[in-house]
Amino acid sequence: MEILQGVWEVIQSIFANSGYAFFFQPGGYKNLIMIGFAFLFLFLGIKKGFEPLLMVPIAFGMLLANIPGANLAVQYHDLEGFFDLLKGRGEFVGATPGLMDFLYFGVKAGIYPPLIFLGIGAMTDFSPLIANPKSFILGAAAQFGIFFTYIGAIVLGPLLHFTPQQAGSIAIIGGADGPTAIFVTSKLAPEMLGAIAVAAYSYMALVPVIQPFIMRGLTTKKERAVVMGNLRPVSKLEKILFPILVTVVVSLLLPDAASLVGMLMLGNLLKESGQTERIAKAAQNELMNIVTIMLGISVGATTSAQSFLNPQTIGIVLLGLIAFMLGTASGVLFGKLMYIFTKGKINPLIGSAGVSAVPMAARVSQKVGQESNPSNFLLMHAMGPNVSGVIGSAVAAGILLTLLK
Amino acid sequence: MEILQGVWEVIQSIFANSGYAFFFQPGGYKNLIMIGFAFLFLFLGIKKGFEPLLMVPIAFGMLLANIPGANLAVQYHDLEGFFDLLKGRGEFVGATPGLMDFLYFGVKAGIYPPLIFLGIGAMTDFSPLIANPKSFILGAAAQFGIFFTYIGAIVLGPLLHFTPQQAGSIAIIGGADGPTAIFVTSKLAPEMLGAIAVAAYSYMALVPVIQPFIMRGLTTKKERAVVMGNLRPVSKLEKILFPILVTVVVSLLLPDAASLVGMLMLGNLLKESGQTERIAKAAQNELMNIVTIMLGISVGATTSAQSFLNPQTIGIVLLGLIAFMLGTASGVLFGKLMYIFTKGKINPLIGSAGVSAVPMAARVSQKVGQESNPSNFLLMHAMGPNVSGVIGSAVAAGILLTLLK
Amino acid sequence: MEILQGVWEVIQSIFANSGYAFFFQPGGYKNLIMIGFAFLFLFLGIKKGFEPLLMVPIAFGMLLANIPGANLAVQYHDLEGFFDLLKGRGEFVGATPGLMDFLYFGVKAGIYPPLIFLGIGAMTDFSPLIANPKSFILGAAAQFGIFFTYIGAIVLGPLLHFTPQQAGSIAIIGGADGPTAIFVTSKLAPEMLGAIAVAAYSYMALVPVIQPFIMRGLTTKKERAVVMGNLRPVSKLEKILFPILVTVVVSLLLPDAASLVGMLMLGNLLKESGQTERIAKAAQNELMNIVTIMLGISVGATTSAQSFLNPQTIGIVLLGLIAFMLGTASGVLFGKLMYIFTKGKINPLIGSAGVSAVPMAARVSQKVGQESNPSNFLLMHAMGPNVSGVIGSAVAAGILLTLLK
Amino acid sequence: MSPILLDLVPDTSAIFTATLVISGIVIVVGVLLLLILVIKIFGSVVSGLETRAKKRKGDQKEKEEIPMPKIPAPKPAPVVEDGISGEVVAAIAAAVAASEGPSAVVRSIKRKNVSSRNPWAQAAQINNTKSF
Amino acid sequence: MSPILLDLVPDTSAIFTATLVISGIVIVVGVLLLLILVIKIFGSVVSGLETRAKKRKGDQKEKEEIPMPKIPAPKPAPVVEDGISGEVVAAIAAAVAASEGPSAVVRSIKRKNVSSRNPWAQAAQINNTKSF
Amino acid sequence: MSPILLDLVPDTSAIFTATLVISGIVIVVGVLLLLILVIKIFGSVVSGLETRAKKRKGDQKEKEEIPMPKIPAPKPAPVVEDGISGEVVAAIAAAVAASEGPSAVVRSIKRKNVSSRNPWAQAAQINNTKSF
Ligand code: NA
Ligand code: NA
Ligand code: NA
C-alpha cells in the first residue's frame, strides 16, 4: 500500500514538475510561445534555407533552453556570473551549471567568433580586393547603415528603452556578419544575444530578397548595364603581404578590432602562404565546424522567454531590417558616386555587395546586373566590396566597442 | 667527491621516488595489480575486440593513473573539488593539477557524453522506428533490466554497502549504452566511474555471446521462424519531425533526460535536415572522435587502486552481467507478448535488440532468426527496438537522476 | 558645434590611444621592433620554410601580442595568475582577459604538448627501433648536448643572469623536439617561452644546414661509407607491446616524463592496435591540427617586448645553436664508438639522427652517407636513433623537471 | 519555477526501492507509449498532408524507400550505364572506398553531364555550405 | 600604456549619438582609405620588385591570373590529355566529387609520370606536412 | 606516497651544476639501456611464442617485412593486375592523391571481387568503427 502510494506520489510529482504542468503556471505560457518560435526558426532554417548551418543549432538551442526545468538555458551574462554559478553563490545559490553554461563560455570569453573568423579567413580569396583596392570605399560605405541604425535605436528609446550599448548591438546587424554581431553583442548587450543573432542570420539569408528592390530603385538602367573591365592579375607575394598589412594597419588604429581582424587575416595568411595548407584546412573545416556547432547551440540557449518576449525584440527585428536596407542603399549610392567620378567605368551595383554577407551579396550584384545586360559579369568585381565589407564591419565593431564598452 | 656523492644521492632519490620502489611500500602492490588490470583490458580491447575505440583509451588511462608519482590519476570527484585542486586548497594542499584532471573536467561537467550523443544521433537512422512505432514498447521493456538490477544492488547492500546512488549507477549498465552510463555515474557515483565504464563497454562487446542463449531459451522455434513483412517507407518530413517531437515529448516530461535526448535528437536533425550536412559530418566524425579520445583516457584515469580494488567492483561486474541478461530477457518476453497480441506477426527475437548496443544487438536478432529460418531477415525490424533502446535508456537515466540526485 | 568638437575629440583620442601614437611614447619603439621580429619569423616560416606549421602561427601571435592596446598578449605566467586575471584582482586589477589568455591556458595547464605527442605517436613507426634496439644508445647520446648546454648557460650566468630553471629550459632546445621544449619551458621558465619556442623550431628547420659539417668533421670517409645490413622484420605483436613497455619502464622510473611519454605511446598504440584506426586518425589529423594552431598562436602571444628584447634572448639563440651542435656531435661520436665495438658494422652517421627532429635528421644521415657511397641506404637505420631521440628528450625533460621544479 | 519536492529521501529501504523500481518501469513504459501515440498521430497527419500535396503535384517520388535488409545479402554489383568499362567501375569503387571507408557500396554509376549543370543551383549549394 | 581617456560617457543624448555616428562614419572611411593607400603603395612596390626579379630571371609565369567570372558560364569540360579515355575522366570526376564535394570541378587531367618524381622534393614536402 | 625529498636546492653553483649534468647523463643512458634490455627480452620471448605458434599453424605470413630504404629509390610503378588499363591506374592514382594527399603512392592494384565479400566480416568491421 505504502509502496503504491509512493509510486503514485512519484508519478504525480514527475507530472507536477514536468514542463507540461509548468505551462499552466503563471507565466508558463511564455515558454510555450518560445518553443513555438524555436519551431518557426527550425522551419526557416530547414525548409526555407535561412543560413541553416547556424539557424538550426540556434533554433534547437532555443527549444532546449525553454524546456522548463531542463537547466539547458544559459544562466549568466558575464564571466563573474559564470564563476558565481560554478560555485553556487551570489545570485546562483542553489543553481547548478548545465551543459549550455559550459558551451556558452566560449562565446562569453570571446573565443568562438575569432576562431570562426580564422576559418572564414582561410576560405576567403582577397584577390579581387587587392586587384582593385578602391573597392574598400564601397565596403566602408555599406557600413553607414550601422551608424544610421544606431540613431534609429536611440530615437526609439522613449518607447523601447534601448541603452546605448543595446543600440550599438542592434546597429551591428547592419554589418551583415554573424560572428561580428555575436562578438559585439556578447560584450555590449549579452541579454539580447539570441534575438540579435537570429535577426542577423535571418536578414543575411534574405539578402537576395531585400537587396534587389533597393538596387533597382536607386540606379538607372544605363548605370546597371555598365560592363567593367578585367581585373589585373595578383601575385602570390601580394596575397601573402595583404593579410599582414591589413592586420597591422587596422589593429594599430583600432585595437578593439584586433581579435576579429587579426584572426581573419591569420586564417587568410595560412591559406595563401603555400606552406601551411594542413592547418589552413583544419581552420576552415574541423575547427570551424566544431565551433559552429558550439556557437549555434549556446547562442540559441541564451534566449529565455524573458529576454526574447518583449517589445524590444520587435524593435530589434525592425531596426535590423532598416540597418540592412540602409547599408545596401549607402553602398549603391557610393557606387553611383564612383560611377560619376570614374566617368562610367564602375557599375554602381557592386556597391550593395559591400554589406558583406559573403558571397551572397556579390551574387545579387551579378544577378541584378545581368537583368539589364545579359553579357554583364559583375561577380568578381562585386567580390572586392564584398570581402572588404567583412573588414569594414570588423572596423565598425571596433569603433562601437571603443566608444560604448 | 662532493659531486659524485651528489650524483649518487640524486640517483638514489630517483629510485627511491620511482614507481619500482613504491611497489614495495605498504599498499604499493595495489598499483601493480591495477597495472595488471590495465594490461587485461588492453588485451580485451586489442586482441578480443571489446569496443576497442573506448576500451583501449580507458585501459591506457588506467595504466597511466596507476603509475606512482606520475600525477596522472584524476584527483577530484566534483566541480568544487576541481576548483580546490586548481588553487591547491582544502584537501588538495600541496597537490598540483595534472593533465587528466583537466581532461576529466569534460566528464564531470557533463559535456562529453552529450557531445558523443550528438555524434551518435548524426549516425543513427530512426526510419525503422518511425515506420513501426510499436518498437518503442520493446525499447522500453529492455530497460526493465535496469530497475530489476537496482533491486539486486540494494539486496547486496548488507554485503557491499552500495548507496542508492551507487545502485542506480550500477543498474544503468543494463541500458547497454556507454555515454548514458558515464553521464549518470559521473553525477551519482563518480568514485565508481572507471569500474562501471569498463563493465558497460565489456558487456556491450559481449552482446553476441550473452544474448543468444537467453533468446533461444525463452522462445520456441516457431516463434523464432516468424518472417516479418516489409516496413512502410518513411517520408523526409517524418524523419525531420521525429527528432523534434521526441525532444519535446521526452524533455518536457523528464527534464533530467533533456541533455542526452536533446543532443541525440539534434544530431539526428542535423543529419536528416538535408541542409546541415557539413556540421552533421563534423558531429559524427571530428567532434566525436576527439571527444571519444578525451572521454576514454580520462574515464580510465579515474580508476585508482583504492576505488577499483574492492569487493564492490566484483559486485559491479556481477550485477552488470545480471542487468544485461535481465534486459535481454525482458525484451524477448515482451516480444513474445507482442507475438501473441499480433497473432504471430511479430518475431519475439527483435525484443532483445531493445537493450540498445546499436547495431550489434540488432545483428544478433538477425543471426538467431536466421538459424531457425534461413530466409528470415530481421535486421531492419530489430533496428526499431534497437534505436528506441537508446531513447529508453536515456529516459531511464532521467528517472534515476530525478529520484536519486 | 559641440558635436563637431566631440567628433574631433573622439578622433584625437582614437589616435592618441592608437598603436601609432604609442610607438612615440617612451619605450614604445620596443613594440615596433617586436613587430619587426614577427615579420622576420613570418619570412623565415613562409619564404624559407622554417617549420612553417608552427612558425607562421607563432610569428602571427607575436605580431598580435605587440599591437599596443589590443590586449592580445598573454598576461599571466602561472595558473594562479590566470584566476587572478579572470577575477581582475591582485596584479590584474583593471585588466580584462583576452583571447590569447584563454588559448594559452592549454599550454600553461600542460594540455597541448601531450596532445601533440599523442598525434606524433600516431604518426610514428617504431619498427626500426624495435628491430635494432641498440639504436636507443644513440638516442641517449644525442641528448648529452642538453646537459652540456646546461653548463654553458650557467657559465654565462654572471653575464646573463640565467636561473637554473632558465638554464634547463634553454638546454632542452638541444632535444630538437618542439613540444618537449614548450612543455618544459612552460613549467620552468614561462617568461622565456616565446624565445625558446622560436629558437627550437628555427634550429630544427636548420638541421640540414647545421649537421652535415659536424658529421663530416668527426668521421672518416671509410666510416661514412659503411653499408649496414637489412633490418629484421618486426611482428605486429612486438609493435603493440612496444608502446606499452616503454610507457611502463620510463614512467615508473621518471614519473615527470609520464605525460609526454605516455601520450606519445598511447598515440602509437592506437596506430598499431589495428582496432582503433578511427581515433588514431583523429589524433594525428583533426586533434593535432587544431592543437597546433592554438599552441602556435598562444606561444607567439607570450612574446612581449620586455621578455624578448633583452640580452638573454641572444644567449638563448647562441646556446640553442650550441646545444644542437653538441647533440649532433655526441650522437656521431657514440656512433663511432659503436662502429669500433661492432667492428665496422654500424655507420657512425646514424648517430646524428639521435637528436630527434624526425624525420629530417634521419634524412640528413642518409644524404651524407650517400655522398661517400652512392649505394648506401641509411634512412631506415637512422630512423631508429631518430625516434629513440624523441623518447630520449622526453626522458631528459623528466630529469630536468624532477631536479629543477 | 518552484519544483514541488518529493518527501522521498533515497535510502536502501524496501519501500524506497520498490517505489523507485515500480515508478521507473511505469514511467519508462509511459513515456515510450506517449511517443508511440505522438509519432502515430503525426505520422498520419504528415501522410495526409503529403497525399494531398502529391495529388496536387502529381509527384510520385517524394517517399523514400527504406533499404531492405541488405547485410545478409551479398553486396549487389553496381548498376552500370552502358559504355562505362569495367575498369572504370573498379576505379570508382576504389576511389569511393578510399574516401568513404570500406563499408560504402557503389550502387550505380551514371555519366554525369558535367557541362550542363545549372550554375545558379550550384551557387545556392555553395552558399548553404559556406554559411558565413 | 596609459590610455588617454575620453570624458564622453555613453548616454542616449543627441550629442553623444551624433558624436558616435559622425566619428564612426569618419573613422570607418578613414581606416579603409588608409588601407587603399597602403595596399596601392605596397602593390606598386611589389610590382616593381617582381618586374626587376623577372627581368633578371626571365621568369614569365610567376603572376597568377585571377579566374574570370566563372559562375554564370557553364562549367567547362575538363581539358583532357590525349590517350585518356572518357570513362577515366568520368571516374576521376566521380572520385573528386566524392572527396571534394559536389562543387569541385575537374579542369584538366594529365598523366602524371608516377615513376619519375624527385624523391627528395617529395621528402621535403612530407617534412612540411609532418612538422614535428 | 611520501616522496623522499632531496636536500639539493637548485642554484648556479658548480656543485649543483655538475651534479645535475652527471646524473642527467647517467640517468638518460641508464633508462635507455634499460629499454634496450626490456625490448630485447620481450623481443626474444615474442619471437619464441610466434615461432611455436607458427609451427602449430604452419602460418608463414604473419611476420611483416619492414619496408626497406625506399625514399632514395624512385617510386616504383604500381604493380597492376592484367586487364586493368593504364588509364584506370591513372584514375586510381588521381583519386588516391585527392583523398590521401600527394605523398601517397599506389603500389598495387587488384580487381576486388566486389560481390563476394563476407557480409558478416564486414558487419564486424563496421561494428569496430561505430563503437557506440
Ligand atoms: Na559588413
Ligand atoms: Na538501452
Ligand atoms: Na631529442
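By convention in this document, chain letters (A, B, ...) are assigned in the order of the sequence lines, proteins followed by strands, and residues within each chain are numbered from 1. Only this structure's heavy atoms are used, side chains among them; waters, hydrogens and symmetry mates stay out.
- Contact count against chain C (heavy-atom pairs under 4.5 Å) is highest for A/A258 among A/A258, A/G106, A/A280.
- At a 4.5 Å heavy-atom cutoff, the contact between C/I14 and chain A is made by backbone and side-chain atoms alike.
- Contact detail for A/S169 and A/A189: the closest heavy-atom pair is OG-CB, 3.5 Å.
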Between chain A and chain C, going by a 3.5 Å limit, which atoms form donor-acceptor pairs, if any?
residue, atom, partner, partner atom, Å
A/V249, O, C/Y20, OH, 3.1
A/L252, O, C/G19, N, 2.7
A/Q275, NE2, C/I46, O, 3.0
A/R278, NE, C/N289, OD1, 2.7
A/R278, NH2, C/Q284, O, 2.6
A/R278, NH2, C/N289, OD1, 3.2

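- Both the backbone and the side chain of C/I46 come within contact range of chain A, judged by heavy atoms closer than 4.5 Å.
- The candidate with the highest count of non-hydrogen atom pairs below 4.5 Å against chain C, out of A/I111, A/L79, A/L266, A/I399, is A/L266.
- Ranked by heavy-atom pairs under 4.5 Å with chain C, the list A/G274, A/G262, A/A257 is led by A/G262.
- Sequence neighbours left out, not one pair with a member in residues 289-308 of chain C passes salt bridge (Lys or Arg N to Asp or Glu O under 4.0 Å).
- In plain terms, the two heavy atoms of C/M55 and C/F50 that are nearest each other are CB-O, 3.2 Å.
- Aromatic ring pairs are classed by plane angle as parallel below 30°, tilted from 30° to 60° and perpendicular above 60°; the pair A/F126 and A/F242 is tilted.
- Smallest separation of non-hydrogen atoms from A/V250 and A/V261: CG1-CG2, 3.9 Å.
- In this structure, the side chains of A/F144 and A/T149 stay at 4.5 Å or more apart for every pair of heavy atoms.
- C/G194 approaches C/F308 most closely through the heavy-atom pair C-CE1, 4.4 Å.
- Using cut-offs of 30° and 60° for the angle between ring planes, the A/F83 and C/F83 rings count as perpendicular.
- Counting heavy-atom pairs under 4.5 Å between each of A/I240, A/V249, A/L115 and chain C puts A/V249 at the top.
- Heavy-atom minimum distance, A/P179 versus A/P113: O-CB, 3.7 Å.
- Within the 4.5 angstrom heavy-atom criterion, only side-chain atoms of C/M294, from C-beta onward, approach chain A.
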